[in-house]
There are 2 protein chains.
Amino acid sequence: MSGRPKIFEEEVVIAKAAELFWRKGFEAASTEELLAAMGIGKGSFYLAFKGGKSELFEKVIEGVSRKELHLLNHTLATSQNKVETLKDLFRSIGLAPKERNQKGCFFGQTIAEFSSTDLPFTDLAARHLLQLEKIFYEVISEAQQDGMLSTKEAPALLAAHLITIWNGLGISRRIAPQPNSLSTLIEMQLKVLQ
Amino acid sequence: MSGRPKIFEEEVVIAKAAELFWRKGFEAASTEELLAAMGIGKGSFYLAFKGGKSELFEKVIEGVSRKELHLLNHTLATSQNKVETLKDLFRSIGLAPKERNQKGCFFGQTIAEFSSTDLPFTDLAARHLLQLEKIFYEVISEAQQDGMLSTKEAPALLAAHLITIWNGLGISRRIAPQPNSLSTLIEMQLKVLQ
DNA sequence: CTACTTATGTACCAATCAGTACACAATAGA
DNA sequence: TCTATTGTGTACTGATTGGTACATAAGTAG
């Protein structure tokens, strides 16, 4: 039944591969580099990931998505002021270290690399952004009903607007000379949530 | 002095290469594909572009940038209402055909592909976005002074905000189910210019 | 015509790509 | 200990990568 034991956990090596994919993109990250980063050999890799590099990348997208959404959902669930928590999500961009900002948004990056092809990566990345938009929508919707938001704008439109800004900041943060300039911009952009 | 005549014009083949680079990105576009698209052979190519694929890509960035900025500047120069012209630039995203929208923004795409490396491509692409931002700034600044804009927000902040939205729409347009949804979003986002 | 200059097409190159084949190692159950 | 099962490491593969070498073509100048 159970032969030689695995020397790695799938979740762990997927997370390590994610780091490299995020930094270099799918095409530029070679399988050899990935294997080195994951700390496993070809034999183990192609046994665990029969689909090779593509399967790995799909699982990386799903893994990063799950982690990020879980973190946000958890923070919201234990938050006193959900709108403020949402705002803090954006504010964190202005406070992030340079290395983090240079990597931008993994999902926006993936869409940029693949949206003109027919690979399934675009759909997976788009699905994440859609889920993020849905979270925005629900927080805004609830806050409006509770009178915590004075804006009369439709929650769906506001959520789509926030996603646009999120993706836009995913580019801006990569080329911003100093993160300080980002913070004042973000603070201004968050005025739509009042 | 003058030997065998060239069978191509540099500007023309650069424009043809731009189409492929824009659709597939730098890494995914192979030199052979590029040569086929440009309609020239390796001999001619490496004589004209001693830096190879990299030099070609730099010239593509510069070429696309120059064209887009020139078009916008020309439209603005002959416009009665510059703010409205700016708005129309954004509105055109909602009206563009699917094939166009799937390509997104070439400069955002390039920044996404390279911002974690030290290649000069990021700087070239960032420079374009900065120039675009400057145009936004000047139109807003002038309109505010002429009383055509009631917003009291600082022109520099508004311009940075518009660039964020521009880059965000560069992602949204790639994954939008139908362009119709984009138009209502864009119209809402343009309310900052009133 | 000859000499010179520049452009073109093709054959070729080493390096790298993602992926496979397979001998061998390590466990569990009998 | 023997067998079955699963995992690992390495050698190898064919294809493709970006790029070079070079013979030849197509012009101009004398």
Distance check needed: dA18(C) P versus Glu32(A) CD, whole Å only. 8 Å
What's the CD-C1' distance between Glu27(B) and dA18(C), to the nearest Å? 15 Å
Here the distance between atom P of dT20(C) and atom NZ of Lys53(A), to the nearest Å, is 15 Å
For the side chain of Arg4(A), counting heavy atoms from C-beta on, which of dA25(D), dA26(C), dG19(C) is nearest? dA26(C)
Look at the side chain of Ser30(A) and decide which nucleotide, out of dT8(D), dC17(C), dT27(C), has an atom nearest to it. dC17(C)
Quickly work out the Glu10(B) CD to dA7(C) P distance and round it to whole Å. 10 Å
Please, which pairs that meet salt bridge (charged side-chain N to carboxylate O under 4.0 Å, His left out) have at least one residue in residues 183-194 of chain A, sequence neighbours excluded? Arg91(A)-Glu187(A), Lys191(A)-Glu153(B)
Once you round it to whole Å, what is the distance between P of dT16(C) and NZ of Lys24(A)? 12 Å
When all nucleic acid strands are considered with a 4.0 Å heavy-atom cut-off, which category describes Thr31(A): base, sugar-phosphate, or nothing? base
Could you pull out all donor-acceptor pairs under 3.5 Å where a side-chain atom in residues 167-186 of chain A meets a protein atom, sequence neighbours excluded?
residue: Asn167(A); atom: ND2; partner: Ile163(A); partner atom: O; Å: 3.4
residue: Ser172(A); atom: OG; partner: Gly168(A); partner atom: O; Å: 3.2
residue: Arg173(A); atom: NE; partner: Asn101(A); partner atom: OD1; Å: 2.7
residue: Arg173(A); atom: NH2; partner: Asn101(A); partner atom: OD1; Å: 2.9
residue: Arg174(A); atom: NE; partner: Gly170(A); partner atom: O; Å: 3.4
residue: Arg174(A); atom: NH1; partner: Ile111(B); partner atom: O; Å: 3.3
residue: Arg174(A); atom: NH1; partner: Ala112(B); partner atom: O; Å: 3.1
residue: Arg174(A); atom: NH1; partner: Ser115(B); partner atom: OG; Å: 2.6
residue: Arg174(A); atom: NH2; partner: Lys103(A); partner atom: O; Å: 2.6
residue: Arg174(A); atom: NH2; partner: Gln109(A); partner atom: OE1; Å: 2.7
residue: Ser181(A); atom: OG; partner: Gln178(A); partner atom: O; Å: 2.9
residue: Thr184(A); atom: OG1; partner: Ser181(A); partner atom: O; Å: 3.1

Ser2(A), nearest nucleotide to its side chain (from dG19(D), dA28(C), dA25(D)): dA28(C)
Report the distance from atom CZ of Phe49(A) to atom C1' of dT20(C), rounded to the nearest whole Å. 18 Å
Applying side-chain hydrogen bond (donor to acceptor under 3.5 Å, both in side chains), can you list everything that pairs with Ser54(B), at least two apart in sequence or on another chain? none
Count the heavy atoms belonging to other residues, nucleotides or ligands that lie under 6.0 Å from CE of Met148(B), then report whether that count exceeds 12. no
Side chains of residues 65-73 of chain A: which donor-acceptor partners sit under 3.5 Å, not counting sequence neighbours?
residue: Ser65(A); atom: OG; partner: His128(A); partner atom: ND1; Å: 2.8
residue: Asn73(A); atom: ND2; partner: Leu69(A); partner atom: O; Å: 3.2

Dot-bracket for DNA chain D, please, read 5' to 3', with Watson-Crick or G-U wobble pairs under 3.5 Å on both distances, ( ) within the strand, [ ] crossing, | other strand, . unpaired. ||||||||||||||||||||||||||||||
How many angstroms lie between OG1 in Thr75(A) and CG in Asp88(A), if you round to the nearest 0.5 Å? 10.0 Å
For residues 35-47 of chain B, which residues have at least one heavy atom under 4.0 Å from DNA chain C? Gly41(B), Lys42(B), Gly43(B), Ser44(B), Leu47(B)
Quick one: on DNA chain D, does Phe8(A) or Ser54(B) contact a more 5' nucleotide (nearest heavy atom)? Phe8(A)
Holding to salt bridge (charged side-chain N to carboxylate O under 4.0 Å, His left out), I want the full list of residues that pass it with Glu10(B), two or more places apart in sequence or in another chain. Lys59(B)
Qualifying side chain to side chain donor-acceptor pair (under 3.5 Å) pairs, either residue in residues 28-48 of chain B, two or more places apart: Lys24(B)-Glu33(B), Ser30(B)-Glu33(B)
If you look only at pairs with a residue in residues 129-148 of chain A, which of them pass as a side chain to side chain donor-acceptor pair (under 3.5 Å), with sequence neighbours excluded? none
Residue Ile7(A), side-chain atoms from C-beta onward, closest of dG9(D), dT6(D), dT17(D): dG9(D)
Rounded to the nearest angstrom, tell me the gap between atom NZ in Lys6(B) and atom P in dT28(D). 15 Å
Remember a base hit wins even if backbone is also touched, and classify Ala28(A) as base, sugar-phosphate or nothing at under 4.0 Å, heavy atoms. nothing
